[in-house]
Amino acid sequence: MPGKLKVKIVAGRHLPVMDRASDLTDAFVEVKFGNMTFKTDVYHKSLNPQWNSEWFKFEVDDEDLQDEPLQITVLDHDTYSANDAIGKVYIDIDPLLYSEAATVISGWFPIYDTIHGIRGEINVVVKVDLFNDLNRFRQSSCGVKFFCTTSIPKCYRAVIIHGFVEELVVNEDPEYQWIDRIRTPRASNEARQRLISLMSGELQRKIGLKVLEMRGNAVVGYLQCFDLEGESGLVVRAIGTACTLDKLSSTAAFLPACNSPSKEMKEIPFNEDPNPNTHSSGPSTPLKNQTYSFSPSKSYSRQSSSSDTDLSLTPKTGMGSGSAGKEGGPFKALLRQQTQSALEQREFPFFTLTAFPPGFLVHVGGVVSARSVKLLDRIHNPAFVGIMGNTRSYKLLDWNSFNSDEPETRDAWWAEIRQEIKSHAKALGCHAVVGYSESTSICEEVCILSASGTAAVLNPRFLQDGTVEGCLEQRLSWQPGFFSIGQEENLPAGCGFCHIPYDELNMPFPAHLTYCYSCRKQKVPDVLFTTIDLPTDATVIGKGCLIQARLCRLKKKAQAEANATAISNLLPFMEYEVHTQLMNKLKLKGMNALFGLRIQITVGENMLMGLASATGVYLTALPTPGGIQIAGKTPNDGSYEQHISHMQKKINDTIAKNKELYEINPPEIPEEIIGSPIPEPRQRSRLLRSQSESSDEVIELDLSHGKKDAFVLEIDDTDAMEDVHSLLTDVPPPSGFYSCNTEIMPGINNWTSEIQMFTSVRVSRLSNINLTNQTLNKNFNDLCENLLKSLYFKLRSMIPCCLCHVNFTVSLPEDELIQVTVTAVAITFDKHQAVQTTKTHVEKSLQRASTDNEELLQFPLELCTDSLGSHPFSPAKEHLESASSNSGIPAAQRATSIDYSSFADRCNSWIELIKLKAQTIRRGSIKTTVSVEKASPLTEGHFRQRSAPACANSTVGVVKMTPLSFIPGAKITKYLGIINMFFIRETTSLREEGGVSGFLHAFIAEVFAMVRAHVAALGGNAVVSYIMKQCVFMENPNKNQAQCLINVSGDAVIFVRESELEIISTQQPIASCQPACGGGEIAT
Amino acid sequence: MTNELDIFVGNTTLIDEDVYRLWLDGYSVSDAVGLRVRSGILEQTGATAGVLQSDTMDHYRTFHMLERLLHTPPKLLHQLVFQIPPSRQALLIERYYAFDEAFVREVLGKKLSKGTKKDLDDISTKTGVTLKSCRRQFDNFKRVFKVVEEMRGSLAGNIQQHFLLSDRLARDYAAVVFFANNRFETGKKKLQYLTFGDLAFCAELMIQNWTPGAVGEQPPDPPPYSQVDDMDVDLDKEFLQDLKELKVLVADKDLLDLHKSLVCTALRGKLSVFPEMEANFKNLSRGLVNIASKLTHTKDVRDLFVDLVEKFIEPCRSDRWPLNDVRLFLNQYSASVHSLDGFRHQALWDRYMVTLRSCLLRMYHD
């Protein structure tokens, strides 16, 4: 009995009218946790009931605390008939289970009903008393922190990065149970919501156990996904990176924030004294006695036999063979051995992180990906009986423990894919995979499993876990000059990761290598594709841009095995074409590297869709890309020739235009300085992939273009024509707009504080019955382009701004429907400072050293004396208030008004004053604070007054949401816990709710509202690393019905505005101002 | 390829002021798109008509969802579904409750019941305001009226509190409610020249001076929900009753003569229209006093503005009195009463005349 959960129901408001006669409601509340239920009194005849209940106390195992959600149901009391449910609130109490996060959940939660949506709000207070329990057989993993963020969270320092953790749990989907035929869809959907909530809790607990076993205390880059496999069940799976994190001391946390996540990392020195005992919240007794089966990676022995369903599409192949004997140089070989020994203990040396502490990433090999087509079969889960019985055991049992005798499991499927990824990485001379992610696409009984990542060589000293060999490694790796890594640390920053990790004489695939354009010492490839964010120390020229490859392929409708075979046959061609498109578009932009590459292949009834998104940049270390040459096969035809030359001109013009647009103007380097290129005439790509389903041996598709020069496009057939056209139809964003799908936009680092996160969904019906690949491609291309155009138009008031983390998801809900979902964040930036930041690295560092320090010191002081007098408002106070905004309404009121006045209204004289001050001082990180005003020059000097004073007393605190791991112009001071929510909404009156658009619009707005409410209740004011992982929309217009499932997650945080922090630091003694300036110095 | 579904949802709800205006004005999506195209937005932004259509639809959908909340503005502040900065919330509310001058002149003083709603069609044709917009404005009047009609305390204050309107707009609504409650006739042809501003000005003065709440004589512990407690909405019955006492000013021949001579002496040489004034004095005085003494009848209350125009403004206007002369005359006319020894209702006279004088001066224009 190691925990006591206490719940208090305070009040409700805006309840719906449940009694038509009186226009009022007799509401009461049921509070349920596990199998215990409490009820409040009925509060008669009110739409704003004040229950003010006692504390309901649940004494439960911490295992249950982790698995179960707190269920709060609001009902309308009815004397004569059954009580009507008004709606429910599910509260995940996980954030209360670790010490550094939230201590209380308290606030207004929207009451949600799957049919009616949000129906009023309820005020709830939740607390947990945890007792220390040293039971070594425990199944819980309380205390392990979870982060969706795919980098080391801002106010933590990574002591050790342990590596990959994964888990999955399986269950019957309640919607496909026999009982679904007799119960209402509403009951069914509620059962689904409850089940998924339970499964995610369980999954998280199990992942936590693995982390504890690895002696970590946190999971970073936690990605949880649902596979709605239909009749065959429901799979909830998660991957993440286990770490040991140390919280930075509070003084450090009050350093001024930086504008990009990257900069901050430099403030955080890596712990070079590995001490496994430093983590505090881990268990004191490591788990030895494994009474449960939790680790497929350990206990699972790879099966080589195939079951009937396997179709022999998944051969087990010896992929590692390619890597043997490839080690050429002695340095590299040694390095590889070192890190390999650290990594080899792990079955999968994968990291879900996309941004890394400096020095972590040594080399990047390229993108590795693997796909596998599977036929889904019913998951026989004995645990299902327990669920039906509605007994205490809502407890789920994972697939492994019950089906260990079954050869074909979801675990095995994934293990296979991961194995393949691992061997691909080996073939690239890399021992690790970073930026790793997994996804599925399901249509009927066919499922495509995909995994991708970036093969990389990592610095071993961040990976060791305190064992003897770990220490040894560390010592060795520090001997200067002994390892190649030691050499590279002396090189100018920013090119090391580009250097090839594989041996140039024995390359895994043909490639065009040159000497690095930065250091001239190591070899680099001509292009680099990766799934990670741009490393912080990488030097780029100009700005980056979003590059997408879009592709459709028709396929015959087929059943089961025939279908799976058809898909497997199509996949290689899709990958090839997607890759070609990416390459061509990259050339067209005049860039030479892709970051954040995500290739999504979606399967539908009669087609396959491929969508690849990435951010293109020009890396200074890589050679200048050549142009695109068009060649025809019939050179004698005059008009044809003319046509070709016309096209060629158009392409050349586009390249020139793009170079100008993205400010790509690399310095001209005479060829002899670079040295002669390696005698390898053909242009080869970096993308190594395979189709596991294809045959006994892995076909490593030659994605380079055979013997041709990759830059030559032959337009002798319609396909090639289409390619060229699609290249030219992509319109650049309107001026003042940039877009990327990575965390930060390369080339822009002067963000201002205005952000707007949004989700946009489009469903298009393909009208044409006689579809061809060409029309399909065009339709899909138009759909995506129009969607982007709409976004630019809608956000035009934020110009100059950048769409960051643009995340496209494609699904094919029905025969002729294409659904595209986009989530991104628009961030404003300051145009004027952008010019200054194009100065070279060296120049800046020189300047910094000489002048910045003094000015940075001076500036906060000036701020302090001038502004505080005229505007006596203490940000420290506001911070406290906003933190406690849930407990006291007046506090929240003040907090809100202050928050807005500081950025949205732009009517604050205080800010204005800062601006005037700052314009005289044009350097350092201070500028970013100031640029609030400059964000939109149009409104400058026009300060809107809040006209209606009554509006100022809003009780709703502002909660920001962003898919990024940081908030521009602000500093994250605390992580409050992970938000992971799943909702289903249905309607039987689609027309009345404004059709499909009205229905989904309202639902997404409600989902945002519920996320914000949960964050606010935890005491937070923002969600970072927000992601909408699933948005499954189904409609039946004939029946006037529709249904939608949405799954979102993110990290709840408290942030403090940079400007307020600076005031704080000036109010403290000068001593504390020193580190602040140091931070600012690095930040530029 | 057609878009079956097309939505954009921001964490902060996007509000386009121009589209909001079009929506409030009752334009359909296609009309609004047409108007936006004509505004030249496509050239400015390089967008296509399709983008504009999608954007307009999105905004209309948002406004439609917000409309339910705008009916009770405090709900807009406390709801969680739409995250809108306070300044934007205020703008949404203010614009939603704003009304057209042409429209308000048509319904001012009319009963805000369903019956009138049928006439909205006619009003729409007459004023050129779209029917949709007429309906919104009418429903706003009705909603505000219903909420505050039974409420104690300052009318404008109540409106501001329950609808979160700006000062100016709340006072306008107070006038609308006041006119609707007292059913003042404003639609007659001879009253057409009066603007809503004129009438709202008069209403405000009457609310300040002629209602039970005006003199600060609230009963210490009033019984709830009684009609008598309508402090600001109804005219003060007692005051209207007392006004009969003023009749002596015109009924008593000596008093009337004395009053005239006092006024004439004071104004001699100061008025350009002195002879006309002297000739018309008794008529004008009779008119003003009779209006006061008849206000006990509901019918005459309704005709108050008609009477003021017929009995005072029109005679003066026909004699081409300049506004300044009207002002001098009215000042002197009300002040001189204090020198009439036989007249005992000085306070009553002031309460009546101070308001009336300001109203008349405001109404005295072409």
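In what follows, chains carry the letters A, B, and so on, assigned in the order in which the sequence lines appear, proteins first and then strands, with residues in each chain numbered from 1. Keep in mind the model is a prediction, meaning the values are calculated, not measured.
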* Only counting residues at least two apart or in another chain, list the ones meeting ring-ring contact (aromatic ring centres under 6.0 Å, His included) with A:Phe109. => A:His1014

* **Evaluation steps, side-chain contact (heavy atoms from CB on, under 4.5 Å), between B:Gln83 and A:Met961** => CA-CA 11 Å; B:Gln83 185 159 275; A:Met961 290 168 78; over 6 Å; no

* Asked: Would you find a donor on one side and an acceptor on the other, under 3.5 Å apart, between the side chain of A:Arg13 and the backbone of B:Gln79?
  -> no

* Asked: Heavy-atom distance under 4.5 Å to chain B: side chain of A:Gln819, backbone, both or neither?
  -> neither

* Do A:Gln756 and B:Leu14 come close enough that some side-chain heavy atom pair is under 4.5 Å? -> yes

* Asked: Residues of residues 52-61 of chain B under 4.5 Å from chain A (heavy atom pairs)?
  -> B:Leu52, B:Ser54, B:Asp55, B:Asp58, B:His59, B:Arg61

* Please work out which of the three classes, parallel, tilted or perpendicular, describes the rings of A:His14 and B:His78, given edges at 30° and 60°. => tilted

* Taking B:Asn11 for the side chain and A:Val959 for the main chain, is one N or O donor matched with an acceptor at less than 3.5 Å? -> yes

* Results of ring-ring contact (aromatic ring centres under 6.0 Å, His included) for A:Phe737 - residues two or more places apart only -> A:Tyr792

* **Side-chain heavy-atom pair B:Val81, A:Phe1008 within 4.5 angstrom cut-off** => no

* Trace of the side-chain contact (heavy atoms from CB on, under 4.5 Å) decision for B:Asp16 with A:Arg796 -> CA-CA 11 Å; B:Asp16 186 308; A:Arg796 65 192 185 282; 3.0 Å; yes

* Asked: Just wondering, more than 12 heavy atoms not from B:His71 lying within 6.0 Å of its NE2?
  -> yes

* **Per-residue contact mode, A:Leu1000 against chain B (heavy atom under 4.5 angstrom)** => both

* To do: Report yes if some heavy atom in the side chain of A:Glu754 is under 4.5 Å from a heavy atom in the side chain of B:Thr12; otherwise report no.
  => no

* Asked: For A:Thr823, which residues count as a side-chain contact (heavy atoms from CB on, under 4.5 Å) partner, sequence neighbours excluded?
  -> A:Met757, A:Thr759, A:Tyr1026, A:Met1028

* Quick one: does B:Ile7's side chain get under 4.5 Å of A:Arg762's, heavy atoms only? -> no

* **Top of A:Glu1006, A:Met1010, A:Arg1012, A:Lys789 for chain B proximity - count of heavy-atom pairs under 4.5 angstrom** => A:Arg1012

* Hey, which of B:Thr48, B:Ile41, B:Thr72, B:Leu169 has the most heavy atom pairs under 4.5 Å with chain A? -> B:Ile41

* Hey, does A:Phe793 have a side-chain heavy atom less than 4.5 Å from the side chain of B:Leu42? -> no

* Would you find more than 12 non-hydrogen atoms of other residues, nucleotides or ligands less than 6.0 Å from B:Arg168 atom CZ? -> yes

* A:His1001 side chain reached by B:Val9 side chain, heavy atoms, under 4.5 Å -> yes

* A:Val1011 versus chain B, the contacting section by heavy-atom distance below 4.5 Å -> neither

* So do the side chains of A:Phe1033 and B:Leu5 get within less than 4.5 Å of each other, counting heavy atoms only? -> yes

* **Contacting region of A:Leu787 [heavy-atom separation from chain B under 4.5 Å]** => neither

